[in-house]
Protein chains: 2
Amino acid sequence: MSTPGRGLHGHVLDTLGPAITAGEYPPGSVLRTDELAQRFDVSRSVMREAVRVLESMHLVASRRRVGVIVQPASEWNVYDPQVIRWRLAGADRPRQLRSLTVLRSAVEPVAAGLAARHATPEQCAELTERALGMVANSRGHRLEQYLVHDVAFHRVILDASGNEMFARLGDVVAEVLAGRTHHEVMFEDPDPAAVTLHVQVAEAVREGDAARAEKLTREITEGALQELDILAP
Amino acid sequence: MSTPGRGLHGHVLDTLGPAITAGEYPPGSVLRTDELAQRFDVSRSVMREAVRVLESMHLVASRRRVGVIVQPASEWNVYDPQVIRWRLAGADRPRQLRSLTVLRSAVEPVAAGLAARHATPEQCAELTERALGMVANSRGHRLEQYLVHDVAFHRVILDASGNEMFARLGDVVAEVLAGRTHHEVMFEDPDPAAVTLHVQVAEAVREGDAARAEKLTREITEGALQELDILAP
DNA sequence: CGCTTCAAAAAAGTCAGACTTGTATGTCAC
DNA sequence: GTGACATACAAGTCTGACTTTTTTGAAGCG
């Protein structure tokens with residue numbers, strides 16, 4: 001996953017990034033470039049490049065005569081795919097997964113509505129195909145195959161929305177769905193009602209019924225929220 | 001705006017970033033670090049740091065023996081605040097503003113619903129205050145003051161949702177609202193109906209009525225969509 | 001005692017040059 | 001044409017010296 005070992009600079013990032021996002025360095029902690037370079041056994045040039053990248057993610061801020069200051073989480077670029085991966089890999093995973101699921105619940109229904117208006121015939125076809133793939137793997141503990149189709153289904157919806165911001169959330173949704181299958185709930189076969197909803201969403205998109213596609217997708221994402229016990233008291 | 005001139009490296013970014021996001025270098029274009037360093041009259045070290053940052057935004061990819069390759073827009077980290085600013089500053093501005101408005105229309109209603117559940121008394125108070133501020137400046141061409149309260153209102157909603165991903169969209173919403181006031185529509189006083197909706201949202205949040213807060217906010221964002229002619233045929 | 005002013009130190013920032021490494025590309029033999 | 005191999009190119013890395021900014025604190029003064 002990701003892009004491992006694309007240079008020394010990458011290795012430093014893969015160590016420092018997760019450490020910072022995991023909260024190992026409290027906000028306000030001060031690091032020194034030279035010391036870090038020694039610790040990772042790289043030159044200052046390499047270390048400086050890594051720090052620059054962390055700085056662009058607002059994980060740290062670098063100030064003259066002071067050092068490299070770890071920023072509070074409220075400053076982080078939490079939409080940076082790299083940051084998301086680091087956080088999902090750490091102790092913050094459950095909280096992160098919940099945040100992303102809520103985001104999903106906001107975005108996907110609207111995306112589905114737009115998809116009903118803008119989807120190409122090819123996208124409609126793949127959507128139907130994926131929904132059928134979900135049905136075919138919905139029984140008999142074929143969770144992995146089911147997941148493949150599920151992820152693809154939601155990716156098509158996001159792409160077909162025609163909105164670039166939505167489309168770029170495909171990886172996030174994939175991560176959430178995979179996380180649910182692998183680490184959280186869902187030890188049994190998926191909920192048959194959810195499977196049916198996917199088939200119906202594909203129908204609604206194909207028919208260009210935006211309101212119905214949105215409503216049905218909202219039911220799907222509300223199910224996801226309930227699985228994580230995120231709902232009104 | 002932003003953080004100008006925080007070093008030579010920053011100046012390079014402020015020039016190259018907008019150029020790439022504006023499409024001045026078609027995807028696949030190959031740049032060479034040495035040549036760029038000469039062009040900007042900086043050392044290779046500085047140029048390398050800048051390239052690393054652009055690479056972390058997926059605006060470029062750097063490959064040995066080839067050079068620095070400009071990536072297609074589909075690869076960009078479009079949620080990076082820096083990238084958003086660069087694109088809003090360029091020719092892509094209208095399209096970008098539309099994308100962000102759609103994103104807003106998906107997120108804000110859900111955020112308002114959550115805010116109704118999680119808002120603190122202080123947040124409820126500020127919400128009401130901001131709504132009143134909007135009313136007070138809704139007539140007599142006080143667009144600037146109106147905007148200040150409008151932006152603050154939506155920021156509170158996003159913060160009060162308790163969802164970190166939503167909260168970080170505050171700047172995006174601010175940008176969209178400011179863009180609308182300064183460059184797009186709205187030469188006249190704001191729509192009275194919209195002002196009333198804000199007051200009612202504040203009410204609903206204060207009363208903890210999540211469903212109503214969500215519905216009312218959806219009406220607000222749908223108004224914003226209509227202003228940009230984004231709607232069903 | 002409190003204030004300003006100025007000097008020193010510390011760490012990031014910058015630069016220049018030499019060297020290493022991975023990888024396209026072209027050449028040659030088969 | 002296909003393969004192995006040599007070559008050159010550009011990114012990658014390292015080092016050491018120098019500059020700049022900013023904090024700190026000490027000296028000097030009211």
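Lettering follows sequence order; numbering is per chain, from 1. This one's a predicted model, so the numbers in the text were calculated from it and none came from an experiment.
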- Message: Under the rule for ring pair (Phe, Tyr, Trp, His ring centres under 6.0 Å), what residues qualify as partners of A:Phe153, not counting sequence neighbours?
- Response: A:His198
- Task: Can you run down the ring pair (Phe, Tyr, Trp, His ring centres under 6.0 Å) pairs that involve residues 78-103 of chain B, sequence neighbours left out, and say none if there aren't any?
- Result: A:Tyr79-B:Tyr79
Could you give the side-chain donor-acceptor pairs of residues 99-111 of chain A under 3.5 Å, partners two or more places apart or in another chain?
residue: A:Ser99; atom: OG; partner: A:Arg95; partner atom: O; Å: 3.4
residue: A:Thr101; atom: OG1; partner: A:Leu97; partner atom: O; Å: 2.7
residue: A:Arg104; atom: NE; partner: A:Glu108; partner atom: OE2; Å: 2.3
residue: A:Arg104; atom: NH2; partner: A:Glu108; partner atom: OE2; Å: 3.2
residue: A:Ser105; atom: OG; partner: A:Val102; partner atom: O; Å: 2.6
residue: A:Glu108; atom: OE1; partner: A:His154; partner atom: ND1; Å: 2.6

- Residues in side chain to side chain contact (heavy atoms under 4.5 Å, CB included) with B:Ser43, at least two apart? B:Ser45, B:Val46
- Message: Once salt bridge (charged side-chain N to carboxylate O under 4.0 Å, His left out) is applied, what residue pairs with a partner in residues 53-76 of chain B remain, sequence neighbours excluded?
- Response: B:Arg52-B:Glu55
- Applying side chain to side chain contact (heavy atoms under 4.5 Å, CB included), name anything that partners A:Ala125, two or more places apart in sequence or on another chain. none
- For residues 19-34 of chain A, the salt bridge (charged side-chain N to carboxylate O under 4.0 Å, His left out) pairs (sequence neighbours left out) are A:Arg32-A:Glu35
- Item | Protein-to-nucleotide contact annotation, 5' to 3' order, nucleotides 9-18 of chain D [B base; S sugar-phosphate only; - none; under 4.0 Å, heavy atom] | BSBSBBBBB-
- Message: For chain A and DNA chain C, what are the first and last nucleotides along the strand, 5' to 3', with at least one atom under 4.0 angstrom from a heavy atom of the protein chain?
- Response: C:dA9 to C:dT14
